[in-house]
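Letters A, B, ... mirror the listed sequences (proteins, then strands); counts begin at 1.
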Amino acid sequence: MSSPPESIRRLGSRSKRHDSRSCQTELPLMIAVDSFPMSRFEEIDDRYDPHAVERETAEYWDAVDAYEQTKAHRDGEQPYFFVDGPPYTSGSAHMGTTWNKTLKDCYIRYLRMSGYDVTDRPGYDMHGLPIETRVEERLGFENKKDIEAFGEQRFIEECKSFAEEQLDGLQEDFQSFGVWMDWEDPYKTVSPEYMEAAWWGFEQVHERGLVEQGQRSISQCPRCETAIANNEVEYEVVDDPSIYVKFPLTERKGSLVIWTTTPWTIPANTFVAVDGDATYQAVQAETDGETETLYLEASCVEEVLDRGGYDRYDVIESFDGEELAGWTYDHPLDEQVPNHPDGENALQVYTGDYVEIDRTGLVHSAPGHGEEDFERGQELGLPVVCPVGPDGVFTERAGKYAGQFVKDADTEIMADLDRAGRLLSEGTVSHDYGHCWRCDTGIIQIVTDQWFITVSEIKDELLENIEDSEWYPQSARDNRFKDFVKSSPDWNVSRQRYWGIPIPIWTPEEWSGTIDEAIVIGTREELADRVDQAIDPETVDLHKDTVDELTITEDGRTYTRIGDVFDVWIDSAVATWGTLGYPHNEAAFEELWPADLIIEGHDQTRGWFWSQLGMGTAALGGIPYEQVLMHGYALMPDGQAMSKSKNILIDPHEVIDEHGTDPMRAFLLSFTARADDMKFSWDEVAEMKRRLNILWNVFRFSLQYMGPDDFDPDTVAPADAQTEVVDEWVLSRLQTVEAEMSEHFEAFEQDKAFDRLIEFVVEDVSRFYVQEVRDRVWPEADSPSKTAAYATLYTVLEETVALLAPFSPFIADSLYQHLTGDTGYDTVHMCDWPEQADQWRDRTLEADIEIVRAVEEAGSNARQKAERSLRWPVERIVVAAETEAAVAAVDRRRDLIKNRLNAQEIQLIEPSEQWGELRYAAAADMSVLGPTFGDDAGRIMNALNDASVSEPTVEALETAVAERHEPVSLTDEMVEIVTKTPDGVTGTAFDTDGEQSGVVYVDTSLTPEIRNEGYAREVTRRVNEMRSDLELDNSQRIKLDITVDDDGIAQHITERSELIRNEVRAETIGTVEDGYRKEWEITNVDSDTPVALTLTIEPVAPQKAST
RNA sequence: GGGCCGAUAGCUCAGUUAGGUUGAGCGCUCGGCUGAUAACCGGGAGGUCCACGGUUCAAAUCCGUGUCGGCCCA
């Protein structure tokens, strides 16, 4: 993505409330939404309930026109032309579409926040055979004749209303996914404006001389009676005949042997192809005493003769393939098909580069059917005979088979060949065979007249234009896409159907067949000008039923429209200008074209990515999109493809019902959008909900204090407050996260951006910062420390929800409203994307805290080993730092570590020093000691085990052994040095960036002071739990009664009663007769025995508090 | 049959650009915390990095072959 203009970048998030251009200023809205009163710091629900949040936020959006305002807010800024790839309007949104639209929404929201005026018109692909077949099914039609009987016009109406119906469903689906696009004004490929865009594009292509009519071998669906595109062919395994046929040679003895799975193409046989470089053999084969000569490729001989059931054979001669060229043969069905292909060059052997050496190495070729056969036949100037009609029925040309459906004639053809002694072998084969993607009918290859855009003529230009686009990932462009473009044939754009954009070609009576003689119409206006009938270009519909009536008379000749409609891929191919209403509206096209960005799945490489390149290049000489984000496919949890027809799918609505839209979106967006497929996972969606809940809890915590304390974020920014180390740290982290997220977004890696954000919320804000500020916000009295914490939290939260907005727009906006009330924008989606502020970025501090956290982790591990809970202070913590970075960080952040680990003192040991209280011992390795010392080894081992030395060296151990045993010479291999800590001390190593950085020792020795503090905290914790049981407000005062069944402990508690009173907001500690009583058990730390503790609390009536 | 992509802990994914002791979250398990609490924290177990072969001192990573899955093509 390119950078937005400076003027936009400079609008930092902190200044946005004073942005004079905000809609809020221009459109003072009367906001009074009963269901969503957004007064600042109002408490939020106890638990994050996605459904409630989404319902309320959607209502709120409607009430304040949030989408419209957000769009208007960027009106006139730097334009960003995003183009929506139109989903096809048959059926509802599946997980793949959901992922696709969610990605689009995420990037559009991000781009808007980054300051762009983004085009966001959604589109729908509404023409084409799939809809026709669905409508045919609905109406119970069998074939085209039913449609003709029903009436073209009525049928087109039915298709239109079916498509509109489906469109409505999709619109609802997409909105329920929280996608913000211009749902009021989608582009529809069936509208006259849009159809005109296709006409216009086609006319441009024609003017470049790239339109022609011609014969081609095409895939035909005999039921739909139309050509279908290669990518509309679905392959399925079917059983077909597998026959070896002898073609009798005319000028020499014997027969060529060919193999085919389509006996019905033999009537059209025109030549036999061989591999010029292969070796063929003449074989004398014998069966039942009769011999015959067969010609086959050498490596195929044995298998074919075996299949033919011959008793024996001899190879009598060898030929290069080249030598066979020119041999002539009799048509194998010469009696049954008298009018078979014939002529000077027909019924001969030719070389062909499509010949594969399998089966027989000789290929039966019928230019009237197969694509390769057709092309080779054209080269050779052979006649093209196709004795099959568009409905798959043999024509008169097929002789005795005329009137039969081709597949039905297979049996008879094989029988006839057999009778003539020309069937060498007959069997069946299971193989992939093409079927119509809509009606599942087996396709046939036939040659018919079709209209083409001759993209093969501009292949170099296509490949050059590809270079003008950036793909994410780029490898998809350079491998997959280029390969496809290199091998793409001319584009057959004609379909013999009804529901499509009519091809705007009018041909005269007695037309010669050349394009020069035809008329191509580009616009509605031109149509109105030239046709004989009076039509209004503003209102005319362009569908087949209308335009087929229109004639053109020029220079005394009358022209009628050809009957065909466009391949539906033409429709979406013109989307970049169709979506702008071009050519009808010129201004937007001039300003915006080509598209800045398109986002689609990798199946579109051969679909929309290609069709747009082809059409854009042929019509306008350029690629119509500059950036492509190509994502993967949505798969089932087990990695299988989803399939609607097999009912193997995850319905997005089911996911929303179960977990909510925001968690689903977060899940979808947490995957890379760069080509990899996504496996759906229910668990991960639930996990996303849990993570969003953590953010929810952070808000709950913050609002609980900011509200009652009347904190005013508009008067205190962090820069004005007395911020402390953790405040500065979390603000620095925020800047880092913002910088990283922007970087990832620019690289179209929203998944990584999202990771950074969630990690920040969970690890830094929730687990560290909130824990750290709790003590600061608890006291009721105002303090600079508390204010700084609020100001920090406010900034962090406000920017965090902005960062979250593209991912989970509902919860982000809901939290934003709770935070800003009526002081902010009406929606978080109007905010500027938070940019990092250098003033808060402090890398040293961030690195320090990383070390602090590593020390803390090791410290809490050491505490756990010593079984001393965090509630209990420890006398001291010794950090033996092993790196200079650790020394510096621990030294600088002593207080923080003290606080986090509840220690009274932090002692720092530098790498050059040794902690004097440590001792070292050795574990002997007997596998080394044994061979070295023999009998003595056991005694040396004992001496080593008893040793306790002050330095971790072999020399020190030698000395120790010498004192207990006798001097010996030890090596490093003989011993492993182990550390012995003083009594009451446990240690755990810590590391940073994978490097061991030191050891944290915790001294758990008890002192009277520690006992006072520890027992007091045991009491406060339990009292506070009881306050929670009673659901008391934070400010509620209580009376407290403490009874403990141990005089020593009672004494410790008494000595800290002041602390307890403050921590639990108790007015008095004494006898409470009538309160909430609870029995507890605490542990006497000295004797490790349980002690009964009874606590009673009673809320006191609030006096008119002065606080 | 061909092209492209993927395969790493029970699950979802990092790590592959540039070879150097495989990581995270979830789940499981043990423990802790308890004024955000249906939240949160710490410890632990858990791996043939799909298989085989090659290059290399050294391969999850590079090369080759194969298997499985996905997309596209025939």
Side-chain angles (χ1 to χ4, degrees), chain A residues 44 46-48 96 219 230-231 233 235 354 356 358 371-372 431-434 473 475-476 478-484 486-488 601-607 609-610 630 632-642 667 670-672 674-688 690-691 693-705 751-752 755 758-759 762-763 766-768 770-771 774-775 777-778 856-865 867-871 988 994 1017 1020-1029 1031-1036 1063-1065:
Chain A
I44 56 178
D46 281 359
R47 235 182 329 154
Y48 166 48
S219 297
N230 286 335
N231 53 15
V233 176
Y235 290 83
Y354 56 91
E356 280 177 33
D358 66 346
E371 197 174 331
E372 290 165 322
H431 65 157
D432 279 338
Y433 190 79
S475 59
D478 293 336
N479 300 327
R480 229 175 209 251
F481 194 52
K482 279 190 183 168
D483 287 350
F484 179 73
K486 277 179 200 156
S487 65
S488 59
H602 52 47
D603 53 326
Q604 295 301 330
T605 309
R606 277 132 171 93
F609 299 152
W610 155 245
M630 187 188 91
Y633 238 59
L635 306 177
M636 291 300 285
D638 62 359
Q640 302 287 319
M642 292 198 190
F667 166 77
S670 71
F671 280 89
T672 175
R674 299 172 70 155
D676 284 346
D677 292 340
M678 178 259 298
K679 272 195 273 184
F680 186 82
S681 164
W682 287 100
D683 286 351
E684 290 297 310
V685 180
E687 176 60 19
M688 287 301 166
R690 202 182 65 85
R691 288 182 177 150
N693 186 41
I694 291 174
L695 178 64
W696 187 269
N697 275 320
V698 172
F699 267 80
R700 204 146 81 83
F701 167 81
S702 308
L703 299 177
Q704 216 170 73
Y705 290 102
D751 53 319
K752 291 185 178 167
D755 276 357
I758 291 299
E759 200 184 3
V762 174
E763 295 289 336
S766 174
R767 290 186 185 166
F768 198 87
V770 167
Q771 298 303 329
R774 281 167 115 145
D775 291 346
V777 299
W778 175 243
E856 182 191 349
E857 202 175 306
S860 80
N861 180 257
R863 267 177 168 278
Q864 192 168 329
K865 282 194 217 161
E867 297 184 323
R868 182 60 42 86
S869 73
L870 194 59
R871 256 198 320 273
T988 297
R1017 283 186 186 273
T1020 52
R1021 190 223 110 189
R1022 287 169 172 82
V1023 174
N1024 280 330
E1025 190 170 328
M1026 290 168 71
R1027 286 183 61 112
S1028 291
D1029 290 346
E1031 296 184 350
L1032 300 184
D1033 275 354
N1034 283 347
S1035 56
Q1036 176 68 54
E1063 289 293 311
V1064 304
R1065 301 225 161 126

If the [atom1] atom of [N] is compared with that of [M], how far apart are they to the nearest Å?
N	M	atom1	answer
B:U12	B:A7	P	13 Å
B:U61	B:G20	C1'	11 Å
B:G54	B:U16	P	26 Å
B:G47	B:C5	C1'	24 Å
B:C63	B:A24	C1'	31 Å
B:U48	B:G31	C1'	33 Å
B:G64	B:G6	P	14 Å
B:A58	B:G42	C1'	36 Å

Taking salt bridge (charged side-chain N to carboxylate O under 4.0 Å, His left out) as the test, write out the residues that go with [X], two or more places apart.
X	answer
A:Asp755	none
A:Arg1022	A:Glu1018
A:Arg868	none
A:Glu687	A:Arg690, A:Arg691

Self-check item: A:Phe680: partners by ring-ring contact (aromatic ring centres under 6.0 Å, His included), with sequence neighbours left out
Solution: A:Phe667, A:Trp682
Expressed as a whole number of angstroms, how long is the span from [X]:[atom1] to [N]:[atom2]?
X	N	atom1	atom2	answer
A:Glu759	B:A24	CD	C1'	9 Å
A:Glu372	B:G1	CD	C1'	12 Å
A:Asn479	B:G2	CG	P	17 Å
A:Asp755	B:G15	CG	P	10 Å
A:Lys486	B:C4	NZ	P	11 Å
A:Ile694	B:A38	CD1	P	14 Å
A:Met678	B:A7	CE	C1'	18 Å
A:Phe481	B:G3	CZ	P	20 Å

Nearest of [options] to any side-chain atom of [X]?
X	options	answer
A:Glu687	B:C13, B:C26, B:C5	B:C26
A:Arg690	B:C40, B:U12, B:A14	B:C40
A:Phe671	B:C13, B:G42, B:A14	B:C13
A:Gln771	B:C73, B:A39, B:C40	B:C40

Just the table, please: protein N/O against nucleotides 69-71 of chain B N/O, every pair under 3.5 Å.
from, atom 1, to, atom 2, distance (Å)
B:G69, O2', A:Gly639, O, 2.9
B:G70, O2', A:Asp677, OD2, 2.6
B:C71, O2', A:His602, ND1, 3.2
B:C71, O2, A:Arg480, NH2, 2.5

Report the residues that fulfil side-chain hydrogen bond (donor to acceptor under 3.5 Å, both in side chains) with [X], sequence neighbours left out, ordered by chain and then residue number.
X	value
A:Gln771	A:Arg774
A:Arg1021	A:Glu1025
A:Glu763	A:Arg767
A:Arg1027	none

Exercise. Could you give me the CA-CA distance, side-chain angles and deciding distance for A:Tyr48 and A:Leu695, then say whether side-chain contact (heavy atoms from CB on, under 4.5 Å) is met?
Key: CA-CA 9 Å; A:Tyr48 166 48; A:Leu695 178 64; over 6 Å; no
Self-check item: Pairwise 5' ranking along RNA chain B for A:Phe680 and A:Trp696, keeping only the more 5' one
Solution: A:Phe680
Quiz item: Which residue lies toward the 5' end of RNA chain B, A:Phe667 or A:Val698, if each is placed at its nearest nucleotide?
Solution: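 That would be A:Phe667.
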Quiz item: Between atom CE of A:Met688 and atom CG of A:Asp683, what is the distance when rounded to the nearest 0.5 Å?
Solution: 12.0 Å
I want to check something: taking the side chain as every heavy atom from C-beta on, are [X] and [Y] in contact at a cut-off of under 4.5 Å?
X	Y	result
A:Leu635	A:Met678	no
A:Gln604	A:Met630	no
A:Thr605	A:Trp610	no

Under 4.0 Å between any heavy atoms, over every strand shown, what does [X] touch: base, sugar-phosphate, or nothing? Just pick one.
X	value
A:Ser766	base
A:Val1064	base
A:Arg691	sugar-phosphate
A:Thr605	nothing

Quiz item: Which letter, B, S or -, goes with each nucleotide of nucleotides 43-51 of chain B from 5' to 3', with contact meaning a protein heavy atom under 4.0 Å?
Solution: S--------
Exercise. Using a 3.5 Å limit on both pairing distances, list the dot-bracket string of RNA chain B from the 5' end; Watson-Crick and G-U wobble pairs count, crossing pairs take [ ], interstrand pairs take |.
Key: (((((((..((((......[..)))).(((((.......))))).....(((((..]....)))))))))))).
